[in-house]
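Only a predicted model underlies this, so the values are computations on that prediction, with no experimental measurement involved.
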Amino acid sequence: MSETQPRWFTAHGQGHADWYVERFRKMAADGADLTGEARLVDAMVPRHARILDAGCGPGRIAGALHARGHDVLGVDVDPALIAAAEVDHPGPRYAVADLATLELDEHPFDAAVLAGNVLVFVAPGSEPQVLRRVAEHVRVDGFLIAGFHTDRGYELTDFDAHAAAAGLVHEHRFATWDLRPWQAGAPWAVTVLRKPA
């Protein structure tokens, strides 16, 4: 049984979304590379793919994928982040929704990306449901790619079990979004999960 509120709201104080948005705006202004996740996903999908950015935050990945010619829908539970995404990264479509109860009136996506610790910010105990709901929106033979810090309370063994229960097949795991080899104890895990026929 999961709590009703995502950790995104319960683990941070008032004004956290504003701080988060400004943090990424400053990094962008300083010339930081903020699109590594998008480059990886872009290399994995056909041209003009349909991509779900699940937990899109202020839209940096959705915007980068849209700029590469993809049809992108960004979804986030925080209306403040969606508002920032619409301003900072226009082009993709955006929607406010909780991933644990995600119901989109959309054709299936070729891929779904959960970047930036999305799975450690959902409500505790809702991770299996989040993976199921996102997987439901991906076409057969499409994929879901998720990346998160391994020291934030969501164990990889639990993630792997939840992914398998959602009907997803573990295809690859890396230690970073730039494909450094996975090794036990890595602080970050990026996992590609395929939706089989």
Working to the nearest 0.5 Å, report the span between [atom1] of [X] and [atom2] of [Y].
{"X": "Leu102", "Y": "Leu52", "atom1": "CG", "atom2": "CG", "result": "6.5 Å"}
{"X": "Phe109", "Y": "Leu104", "atom1": "CZ", "atom2": "CG", "result": "6.0 Å"}
{"X": "Leu131", "Y": "Phe159", "atom1": "CG", "atom2": "CZ", "result": "6.0 Å"}
{"X": "Cys56", "Y": "Ile51", "atom1": "SG", "atom2": "CD1", "result": "13.0 Å"}

Look at the side-chain heavy atoms of Ile, Leu, Val, Met, Phe, Trp and Tyr, link any pair under 4.5 Å apart, and say whether [X] and [Y] land in one connected group.
{"X": "Leu156", "Y": "Phe174", "result": "no"}
{"X": "Leu40", "Y": "Leu119", "result": "no"}
{"X": "Trp19", "Y": "Phe9", "result": "yes"}

| Pairs meeting criterion side-chain hydrogen bond (donor to acceptor under 3.5 Å, both in side chains) with involvement of residues 111-123, two or more places apart |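 Every pair satisfying side-chain hydrogen bond (donor to acceptor under 3.5 Å, both in side chains) with a residue in residues 111-123: Asn117-His149.
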Which atom of [X] lies closest to which atom of [Y], heavy atoms considered:
{"X": "Gly167", "Y": "Pro196", "value": "O-CD, 3.0 Å"}
{"X": "Leu144", "Y": "Ala135", "value": "CD1-N, 4.4 Å"}
{"X": "Gly55", "Y": "Val118", "value": "O-CG2, 3.4 Å"}
{"X": "Val138", "Y": "Ala111", "value": "CG2-C, 4.5 Å"}

| said: According to side-chain hydrogen bond (donor to acceptor under 3.5 Å, both in side chains), who are the partners of Asp158, at least two apart in sequence or on a separate chain? | reply: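 Checked Asp158 against side-chain hydrogen bond (donor to acceptor under 3.5 Å, both in side chains); zero matches.
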Are the side chains of [Y] and [X] in contact, using a 4.5 Å heavy-atom criterion?
{"X": "Val72", "Y": "His89", "answer": "no"}
{"X": "Glu22", "Y": "Tyr20", "answer": "no"}
{"X": "Arg133", "Y": "Leu99", "answer": "no"}
{"X": "Asp53", "Y": "Leu73", "answer": "no"}
{"X": "Asp88", "Y": "Phe24", "answer": "no"}
{"X": "Trp177", "Y": "Ile145", "answer": "yes"}

| said: Between Asp33 and Arg39, does any NZ, NE, NH1 or NH2 come within less than 4.0 Å of an OD or OE carboxylate oxygen? | reply: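 So Arg39 pairs with Asp33 through a salt bridge.
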| message | Are Tyr154 and His162 an aromatic pair, judged by ring center distance below 6.0 Å? | response |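 Distance test on ring centres: under 6.0 Å, yes.
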Please list, one pair per line, the donor and acceptor atoms closer than 3.5 Å that link side chains of residues 57-71 to other protein atoms, with sequence neighbours excluded.
from, atom 1, to, atom 2, distance (Å)
Arg60, NH1, Leu34, O, 2.8
Arg60, NH1, Glu37, OE1, 3.0
Arg60, NH1, Glu37, OE2, 3.3
Arg60, NH2, Glu37, OE2, 2.9
Arg68, NH1, Ala64, O, 3.1
His70, ND1, Ala49, N, 3.1
His70, NE2, Asp42, OD1, 2.7
Asp71, OD1, Arg93, NH2, 3.4
Asp71, OD2, Arg50, NH1, 3.0

| field | Chi angles and distances behind the side-chain contact (heavy atoms from CB on, under 4.5 Å) call for Leu168, Lys195 | value | CA-CA 5 Å; Leu168 298 166; Lys195 183 173 180 177; 4.1 Å; yes
| Side-chain hydrophobic cluster, 4.5 Å single linkage: members besides Ile82 |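 Cluster partners of Ile82: Tyr94, Val96.
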| request: Keeping the roles fixed (side chain from Asp76, backbone from Asp78), state whether a donor-acceptor pair exists under 3.5 Å. | output: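 At least one qualifying donor-acceptor pair exists.
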Can you give me every donor-acceptor pair (side chain of residues 180-193, partner residue at least two apart or in another chain, under 3.5 Å) with its distance?
from, atom 1, to, atom 2, distance (Å)
Thr191, OG1, Arg173, NE, 2.8
Thr191, OG1, Arg173, NH2, 3.1

| task | If a pair satisfies ring pair (Phe, Tyr, Trp, His ring centres under 6.0 Å) and one of its residues is in residues 112-141, list it, with sequence neighbours excluded. | result |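 Pairs touching residues 112-141 that pass the test: Trp8-Phe121, His12-Phe121.
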